[in-house]
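Reading through the structure tokens given below for one structure.
Note that these values count all heavy atoms, side chains included, but never hydrogens, waters or copies made by symmetry.
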Amino acid sequence: MELIKKSSLCECVKAKKENLNAIYLAGGTEALRLNSPVKGDSVIPISSLIEKKIEAKGDDIFISSTVTFSELLASSIVPKSLKEACKYLSSRALKNAATIGGNIASLRFDSYLIPTLLAYDAKLVVFSSEEKVCSLKKYVEKGSCSCLIVGILINPLVKVVNKRESLTSSTHAAVTSALSENGYFCAVSNSGIFFSLEQAMSSDIKSDITGSSEYKKYLIKENYEILKEALNG
């Protein structure tokens, strides 16, 4: 695998556009994982180019894409529900390496963070020719892009409740769900990321090692009912 090292974000984005099979590399826990669906013939390191920050920005909290799960968990200003989502990654070693941006960009159907971030109505700060802000929902719907995720913005005052269903804490989740005033969102193994209960229940949910299609649909609906009670409690 070729290493494409650049000295600025602008150069990184240009290299990505010129090498469509290249992938951005931060923590590497997904991009370099055996049998990962994230595949590329070259990598573009970005960790040294994006300063790690967790800070208040007006009513929002800004979290750099290169912040690791462990660093997010150690922050005093990150809301509890986002920390809970980080804890779904059970391995301490992986928490020390896995980055927030990497978990978003990989768009895994068993994503630890995406349902919770969608429930916060998170915004992405991305870089193409310049920095701009876009919604995480649109990014997920589009299926990523060549732009580089610089960070995320969330409103910590939004009440979010979440739940993960898996056989054990260290196995892939069958269903990861989150609920807030912004709606119900779930990531379903081998099936997709959904933006409402109705969309998930009417979709082609596939059976796999985490459970049958019928079992997953049961979990999707059961999680919704449990989280609705928790949100209103």
Side-chain angles (χ1 to χ4, degrees), residues 23-39 47 52 54 61 63-120 122 136 140 149 151-152 154 156 160-180 184-194 200 205-212 215-216 218-220 222-224 226-227 230-231:
I23 52 178
Y24 296 124
L25 181 68
T29 56
E30 182 61 38
L32 303 181
R33 178 175 65 85
L34 184 65
N35 298 322
S36 170
V38 178
K39 299 185 185 300
S47 292
K52 292 186 178 185
I54 303 176
I61 292 174
I63 305 170
S64 299
S65 61
T66 50
V67 166
T68 66
F69 280 46
S70 291
E71 290 164 340
L72 188 146
L73 285 167
S75 170
S76 61
I77 66 171
V78 171
K80 180 180 177 182
S81 291
L82 185 51
K83 288 188 176 184
E84 287 298 318
C86 279
K87 290 177 184 177
Y88 295 155
L89 177 55
S90 61
S91 165
R92 179 177 295 181
L94 290 180
K95 282 192 185 85
N96 289 337
T99 62
I100 308 306
N103 191 257
I104 295 169
S106 60
L107 292 174
R108 285 182 54 147
F109 293 162
D110 59 350
S111 173
Y112 301 109
L113 301 182
I114 288 177
T116 296
L117 291 173
L118 286 169
Y120 277 110
L136 173 61
V140 174
I149 300 175
I152 61 170
I154 64 167
V160 175
V161 288
N162 47 22
K163 187 172 175 57
R164 180 181 190 266
E165 294 287 353
S166 61
L167 293 176
T168 71
S169 63
S170 59
T171 56
H172 295 308
V175 178
T176 304
S177 307
L179 179 70
S180 73
Y184 178 67
F185 306 91
C186 57
V188 183
S189 175
N190 199 32
S191 301
I193 298 170
F194 304 102
I205 303 299
K206 295 179 173 59
S207 300
D208 62 11
I209 194 171
T210 68
S212 67
Y215 176 64
K216 290 180 189 177
Y218 164 78
L219 291 177
I220 292 167
E222 180 73 3
N223 280 1
Y224 174 75
I226 292 171
L227 293 176
L231 186 67

Quick one: does [X]'s side chain get under 4.5 Å of [Y]'s, heavy atoms only?
| X | Y | result |
| --- | --- | --- |
| L231 | L227 | no |
| N96 | T68 | no |
| L94 | F69 | no |
| I152 | S65 | no |

Step through the shown structure and confirm whether more than 12 heavy atoms of other residues, nucleotides or ligands are within 6.0 Å of [atom1] on [X].
| X | atom1 | value |
| --- | --- | --- |
| I209 | CD1 | no |
| Y88 | OH | yes |
| K52 | NZ | yes |

Can you sort out the partners of L167 under side chain to side chain contact (heavy atoms under 4.5 Å, CB included), two or more places apart, ordered by chain and number?
T171

To the nearest 0.5 Å, tell me how far [X] [atom1] sits from [Y] [atom2].
| X | Y | atom1 | atom2 | value |
| --- | --- | --- | --- | --- |
| N162 | C186 | CG | SG | 13.0 Å |
| Y112 | N103 | OH | CG | 7.5 Å |
| T210 | K216 | OG1 | NZ | 3.5 Å |
| S189 | E165 | OG | CD | 13.0 Å |
| I114 | L107 | CD1 | CG | 5.0 Å |
| I104 | T99 | CD1 | OG1 | 8.5 Å |

How close do [X] and [Y] get, counting heavy atoms only, and between which atoms?
| X | Y | value |
| --- | --- | --- |
| K163 | I226 | CE-CD1, 3.8 Å |
| K95 | C86 | CE-O, 3.8 Å |
| A173 | R164 | N-NH2, 3.4 Å |

Do any N or O atoms from the side chain of [X] and from the backbone of [Y] form a donor-acceptor pair under 3.5 angstrom?
| X | Y | answer |
| --- | --- | --- |
| T116 | A85 | no |
| S180 | A119 | yes |
| Y184 | N223 | no |
| S191 | K206 | yes |

Just one of [options] clears the side chain to side chain contact (heavy atoms under 4.5 Å, CB included) bar with [X], so which one?
| X | options | value |
| --- | --- | --- |
| V175 | I205, D110, L219 | L219 |
| I100 | I149, L82, V67 | V67 |
| I63 | L117, L72, I77 | L72 |

Tell me, with the steps shown, if F109 and N190 meet side chain to side chain contact (heavy atoms under 4.5 Å, CB included).
CA-CA 6 Å; F109 293 162; N190 199 32; 5.5 Å; no

Evaluate the criterion side chain to side chain contact (heavy atoms under 4.5 Å, CB included) for residue pair I193 and L118; output intermediate values, then yes/no.
CA-CA 10 Å; I193 298 170; L118 286 169; 4.0 Å; yes

